[in-house]
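What you see below is based on every heavy atom in this structure, not just the backbone, and it leaves out hydrogens, waters and symmetry mates. The first residue of the sequence shown is numbered 1, and numbering continues consecutively from there.
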Amino acid sequence: MEVPGSSKPMISTQEEMVEARVPISYRDQCAHLLIPLNKCRHAEFFLPWKCENERHVYEKCEYELVMERMLQMQKIREAEAKLKQSHKQGTIPLIPKTANA
């Protein structure tokens, strides 16, 4: 399954996420890393020094998704500013500029 606007493919299927009881808010392109992380957490009784490698890989994936969304939003804002600037240049100003201003 491909997510529009993202470079990462969706690896886990909906059935796998339901079976692993992944909350809906966590079902993104990194869910395939969250499933083994949660299994490790349950097996190790949620000890913070356990499952460090799995947690690091999952958090890195989430960070990359956030950075990708931020870059996309920056491009959208730049395009909107450029469009707004081009519309603004074609209008006649209501207050004329004086020689001293």
## Note on the structure
Sorted by chain and residue number, the side-chain hydrogen bond (donor to acceptor under 3.5 Å, both in side chains) partners of E64 (sequence neighbours excluded) come out as K8, K60
### side-chain contact (heavy atoms from CB on, under 4.5 Å) assessment of E54 paired with K39
CA-CA 10 Å; E54 291 90 345; K39 286 181 183 177; over 6 Å; no
### Message
Would a single hydrophobic cluster contain both L65 and L34, if residues Ile, Leu, Val, Met, Phe, Trp and Tyr are joined by side-chain heavy-atom contacts under 4.5 Å?
### Response
no
### Query
Can you name the side-chain hydrogen bond (donor to acceptor under 3.5 Å, both in side chains) partners of S25, sequence neighbours left out?
none
### Query
Can any side-chain N or O of R27 pair as donor or acceptor with the backbone N or O of V22 at less than 3.5 Å?
yes
### Message
For I24, is the CD1 atom crowded, meaning more than 12 foreign heavy atoms sit under 6.0 Å from it?
### Response
no
### Query
Should we say atom CD of E19 is surrounded by more than 12 heavy atoms from elsewhere, each under 6.0 Å from it?
no
### Rounded distance [0.5 Å steps], CZ in R41 versus CG in L47
12.0 Å
### Task
Not counting sequence neighbours, list each pair that qualifies as a disulfide bond (SG atoms under 2.5 Å apart) and has a residue in residues 3-32.
C30-C61
### Message
Taking transitive links into account, so neighbours of neighbours count too, which hydrophobic residues share a cluster with M67 at under 4.5 Å side-chain distance?
### Response
Y63, V66, M70
### Message
Under the ring pair (Phe, Tyr, Trp, His ring centres under 6.0 Å) definition, can you give me all pairs with a residue in residues 15-56, not counting sequence neighbours?
### Response
H42-F46
### Query
Could you give the distance from CD (Q72) to CZ (R77), rounded to the nearest 0.5 Å?
12.5 Å
### Query
What about V57 and I35, same hydrophobic cluster or not, with Ile/Leu/Val/Met/Phe/Trp/Tyr joined at side-chain heavy-atom distances under 4.5 Å?
yes
### Task
Identify the heavy atoms of R55 and L37 that sit nearest to each other, and give their distance.
N-CD1, 3.6 Å
### Task
Begin with the C-alpha distance, continue with both residues' side-chain angles, and end with the deciding distance and a verdict on side-chain contact (heavy atoms from CB on, under 4.5 Å) for N38 and R21.
CA-CA 10 Å; N38 283 342; R21 295 178 21 199; over 6 Å; no
### Query
side-chain hydrogen bond (donor to acceptor under 3.5 Å, both in side chains) with E16: which residues, sequence neighbours excluded?
none
### Query
Does any N or O in the side chain of E44 come within less than 3.5 Å of the main-chain N or O of C51, such that one atom is a donor and the other an acceptor?
no
### Query
What pair of heavy atoms forms the shortest contact from M17 to A31, and how long is it?
SD-CB, 3.5 Å
